[in-house]
Amino acid sequence: IETLVYPAKWDESKRREYRDSRRLAYVSEQPVWWCEQLGTVLANEEVVDGKSEVGGFPVVRKPMRQWMLRITAYAERLLTDLETIDWSDSLKEMQRNWIGRSEGASVIFHTVSERLPIEVFTTRPDTLFGATYMVLAPEHPFVSQITTPEQSLLVRDYKIGVAKKSDLERTELAKEKTGVFTGAYAINPVNNQNIPIWIADYVLASYGTGAIMSVPAHDERDYWFAYKFGLPKPQVVLPNTTQIEVAREFLSEMNRVRPNLIVHDWTLDKDSVICGASCVSKAFDDSGMAINSSNSEISLDGLPTAEAKEKITAWLEAKGLGKRTVNFKLRDLLFSRQRYWGEPFPIVWKKGPDGQSYHEALPESALPVLPPELTDYKPTATGEPPLARAKDWVNLPDGSTRETNTMPQWAGSCWYYLRYLDAKNSTTFVSKEAEQYWMGKVGRAVPSAPRPAETAGPTPGVDLYVGGTEHAVLHLLYARFWHKVLFDLRYVSTTEPFFKLVNQGMVLGEDNQKMSKSRGNVIPVDVPVQEVGTDALRLFEMFMGPLEMVKPWSTKGVEGVYRFLGRVWRLFVDEKSETEFEQAETTAGTGSRACESAEVRGLTSAATKLLDLIKLNPAIKDLAATPAQLKTLHACIKKVTEDLDGLRFNTAISALMVFVNDAITWETKPVSVLRDFLILLQPFAPHLAEELWEKLPTVHSPQSTGKTSAGKSTMDSGLSAGDSLPYQPWPKFDPALLVESEMEIPVQVNGKLRDVIKVPANADNATLEAAARASEKVQQFIAGKTIKKVIVVPKKLVNLIAG
RNA sequence: GCGCGCGUGGCGGAAUGGCAGACGCGCCAGACUUAGGAUCUGGUCCCGCAAGGGUUGGAGGUUCAAGUCCUCUCGCGCGCACCA
């Protein structure tokens with residue numbers, strides 16, 4: 001987001017090239033992940049273990065011209081702003097990992113014969129004196145240039161072998177290092193030594209510069225490579241005494257456990273001969289003190305690692321041989337797909353006077369670009385996008401052609417939450433007013449620290465976002481990126497889209513395994529919906545356990561909450577009328593369970609009439625509630641209210657069950673109490689709650705906390721109606737009603753529970769202690785002993801320390 | 001290997017450092033029933049006739065008091081993984 005200034009001599013194509021090198025959306029020809037079965041390319045994040053994340057199909061690297069989004073330009077902010085949002089540690093960690101920031105230095109080595117500059121990235125510039133060879137990724141562009149004729153055959157074969165291997169194979173075979181010598185040498189800039197240049201597949205073309213300097217004494221991978229090919233391993237970092245201690249322990253422990261194993265210890269001679277079939281080594285890759293690291297201009301000897309890094313980097317910078325560098329694992333986001341279903345790019349291609357084609361954005365007046373109608377919208381085998389089939393659509397009258405790739409699904413999911421704020425706006429994606437109102441921070445320019453839970457007031461961004469971890473490095477990363485771009489363009493007022501994120505746990509199959517077709521343990525959601533209805537399904541999913549936890553499905557468990565809903569139903573309706581209803585229903589042939597919701601059964605008007613046969617439980621009376629009933633109700637209000645706030649649905653439902661278990665025994669059931677109960681039940685079992693609400697009569701009793709007349713459901717119409725259930729004010733619990741006149745206090749002797757005593761609720765500490773001492777059971781345990789100490793926790797417990 | 005998280009009955013799970021096992025499932029007994037895979041009532045951590053004792057993966061520690069806090073250890077799950 002900057003104004004570009006071009007040198008005057010640049011022609012238009014040069015300028016375009018420069019623009020593309022800076023743009024957030026740019027075209028790039030490079031190897032990308034191509035999935036044959038899906039008929040499209042995929043982003044790095046969509047490839048898991050060498051297979052497509054969707055469907056698990058094989059993917060291959062293939063060079064193609066694709067649209068990219070420069071998410072790497074936001075890497076630093078995507079990382080640091082994680083501090084400002086309230087997400088789980090594990091999720092933040094996943095994003096940190098994916099972004100993969102590491103600080104170090106880039107160092108330039110020149111090849112001996114061609115004087116080609118090979119740039120490497122290292123996090124340990126302090127070990128530069130220990131670099132005894134270099135390794136290029138087999139795909140590195142210099143490989144063919146530097147390879148000597150004698151080595152060219154070997155190098156060619158190795159490259160072919162690597163290219164044939166899938167990425168999966170490449171990592172699976174990772175234990176044994178392989179590689180070949182190119183025949184070329186480079187100069188180590190600190191000691192002018194000629195060091196051999198190898199190629200090996202343990203160096204990745206996609207990370208850093210695709211080339212490394214190898215320091216075998218202080219890097220595990222380099223160590224084993226050097227070990228295998230007999231390269232020297234000079235030590236340039238000295239461990240401290242504690243580290244040596246730890247290593248000695250490791251050494252003796254390994255010798256004890258596996259006496260036949262040759263253990264290679266970095267405190268011993270690096271080049272000692274290792275024999276035996278297997279061995280263990282620990283290259284010393286910790287911080288320590290630099291040794292053997294000096295030349296005529298600079299000495300690192302004696303410096304701790306951190307200082308040595310500083311000194312050598314400064315020296316390299318001064319000599320123009322390297323510089324301080326921050327490297328990221330994060331790659332730019334591949335943002336085009338060869339599919340029909342996706343947003344077309346608002347882009348056309350034109351031919352310049354130089355004959356080169358270039359892209360141009362369509363003006364706003366040409367938006368939106370709608371996809372053409374196609375009879376065959378399937379992907380092609382060649383990777384040509386299906387939209388290319390619509391010749392009339394592709395070719396424009398002025399001779400330009402439309403971009404035929406489409407955007408991936410992320411194009412929608414990256415900003416839908418903003419569109420939801422103002423979905424009917426036809427001039428802009430979200431109005432300033434709607435955005436500022438809903439996202440909550442007018443004119444906000446800097447992110448705030450995560451708020452403590454007790455702080456009131458609006459939060460920046462979406463207050464609560466619930467989703468699975470499967471989006472950790474996909475949607476949740478992309479959306480943050482888009483949001484930051486929109487923030488920089490002043491379209492949104494917060495730097496982060498989702499303030500608080502909760503990962504709901506996956507529901508496993510009944511066998512405690514991840515549901516999958518191959519395991520045959522999938523419970524399609526419509527099965528429980530058919531059997532017990534949406535209310536029971538919804539209720540059970542919330543009742544199974546904490547929201548965040550992974551938990552297995554249980555058919556028996558669903559029956560349990562279904563029974564609970566049955567008990568709720570029987571709390572409200574006259575069982576005799578229910579029998580009449582069932583008979584009438586059987587006659588009418590609508591055949592279904594009485595307590596299923598109207599929506600699930602798809603009630604006809606005849607069936608609705610049938611439902612009118614259901615009469616209220618005669619025990620329901622418009623009477624004042626007793627203190628005991630009010631206590632039961634208010635305990636439930638308190639628990640459900642607090643648990644909903646904390647997303648503890650399982651314990652909230654448990655509280656509802658406790659209420660029903662009690663209320664079902666009441667001889668008279670005050671309408672006012674039941675109305676409040678239905679308000680509490682409504683978020684959990686909305687259909688049942690609304691049906692029962694409609695049956696409840698008007699309330700006149702003084703305890704009424706609801707309104708005074710029954711109303712019709714508005715769930716479907718979305719209209720506000722005076723007494724409909726969804727619009728009822730949430731009941732407030734009255735602490736005064738929960739106060740007991742008596743309470744039970746556990747009494748411990750020496751920390752062990754000995755009795756539970758009943759005392760008046762307002763008993764002071766002295767009374768509590770006296771009552772505790774007076775207890776017969778307690779007497780048994782303190783007889784003949786002296787009480788050394790008494791701990792009285794008001795309203796909680798008494799602990800007598802006797803000895 | 002690195003990072004994150006989790007270990008409590010037969011099962012899913014409750015428990016601001018203060019009565020471990022709420023609530024539900026399952027199981028046992030009983031009631032009503034021609035019947036029960038419906039419903040209701042009671043019981044259900046382990047040892048013990050009882051008094052009592054033991055018990056939150058294991059070992060230590062802090063504390064009057066630990067499932068909860070600390071250290072180590074074992075086990076499980078998830079994520080990343082040749083990232084220089």
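Here is how names work: the chains are called A, B, and so on, in the same order as the sequence lines, proteins then strands, and each is numbered from 1.
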Scan residues 653-661 of chain A against RNA chain B and write down, sorted by residue number, each residue with any heavy atom closer than 4.0 Å; if none is found, say none. A:S654, A:M657, A:V658, A:N661
Touch check for A:K796, heavy atoms < 4.0 angstrom, all strands: base, sugar-phosphate only, or nothing? base
Using a 4.0 Å heavy-atom cut-off across all strands, classify A:R96 as base, sugar-phosphate, or nothing. nothing
Counting only side-chain N and O atoms of A:N650, is one of them less than 4.0 Å from OP1 or OP2 of B:G24? no
Side chain of A:I801 (C-beta onward), nearest among B:G52, B:C64, B:A38: B:C64
Using a distance-only test with no angle check, is there a side-chain donor-acceptor pair under 3.5 angstrom linking A:D332 and A:T72? yes
Selected nucleotide, minimal atom distance to A:D201 side chain, candidates B:C82, B:C80, B:A15: B:C82
Should the pair A:K177 and A:F225 be classed as cation-pi, given the thresholds of under 6.0 Å to the six-membered ring centre and 45° from the axis? no
Is there a donor on the side chain of A:K177 or the base of B:C82 sitting less than 3.5 Å from an acceptor on the other? yes
Could you work out which one of B:A84, B:G12, B:G26 sits closest to the side chain of A:D219? B:A84
Any side-chain heavy-atom pair of A:D662 and A:W666 under 4.5 Å: yes
Regarding A:D222 and A:Y202, is there a side-chain donor-to-acceptor distance under 3.5 Å anywhere? yes
If only side-chain N and O atoms count, and only distance matters, is there a donor-acceptor pair under 3.5 Å linking A:W98 with A:E45? yes
From B:G54, B:C19, B:G18, pick the nucleotide closest to the side chain of A:K752? B:G54
Contact class for A:S554 vs. all strands (heavy atom < 4.0 Å): base, sugar-phosphate, or nothing? nothing
Ignoring hydrogens and angles, state whether a donor on the side chain of A:N521 or A:D511 is under 3.5 Å from an acceptor on the partner side chain. yes
With a 4.0 Å limit, can you tell me whether A:R570 has a side-chain N or O closer than that to the phosphate oxygens OP1/OP2 of B:A38? no
Syn/anti label of B:G37 as read from its glycosidic torsion, with the cut at 90° from 0: anti
OP1, OP2 of B:A84 versus side-chain N and O of A:Y202: anything below 4.0 Å? no
Report the nucleotide, chosen from B:A15, B:A84, B:G13, that has the shortest atom-to-atom distance to any side-chain atom of A:T123. B:A84
Per atom distances to the A:V793 side chain, the nearest of B:C80, B:C4, B:G18 is B:G18
For a quick test of reading the model: is some side-chain N or O of A:S102 closer than 4.0 Å to OP1 or OP2 of B:A84? yes
By the 4.0 Å heavy-atom rule, please label A:G560 as base, sugar-phosphate, or nothing. sugar-phosphate
As a test of reading the structure: which of B:C4, B:A84, B:C40 is closest to the side chain of A:R567, going by heavy atoms? B:C40
Phosphate OP1/OP2 of B:A14 contacted by A:R648 side-chain N/O (<4.0 Å): no
So, A:S554 versus A:E510: side-chain donor-acceptor pair below 3.5 Å or not? no
Quick one: is B:A51 close enough that its OP1 or OP2 comes under 4.0 Å of any side-chain N or O from A:R754? no
Flag for A:T182-A:Y158: side-chain donor and acceptor within less than 3.5 Å: no
If a pair means Watson-Crick or G-U wobble with both distances below 3.5 Å, what does RNA chain B look like in dot-bracket form, with | marking bases paired to a different strand? (((((((..(((.....[....)))((((((.......))))))(((....)))..(((((..]....))))))))))))....
Does a distance-only test, which skips hydrogens and angles, find a donor-acceptor pair under 3.5 Å between the side chain of A:N799 and the base of B:C64? yes
Between A:E531 and A:Y562: side-chain donor-acceptor atoms closer than 3.5 Å: no
With sugar-phosphate meaning primed atoms plus P, OP1 and OP2, does A:K788 contact a base, only sugar-phosphate, or nothing at under 4.0 Å between heavy atoms? nothing
Under-4.0 Å side-chain N/O to phosphate OP1/OP2 contact, A:K92 with B:G3: no
A:R563 meets the salt bridge (Lys or Arg N to Asp or Glu O under 4.0 Å) criterion, sequence neighbours left out, with none
Candidate nucleotides B:G18, B:A84, B:A14, ranked by approach to the side chain of A:F121 - the nearest: B:A84
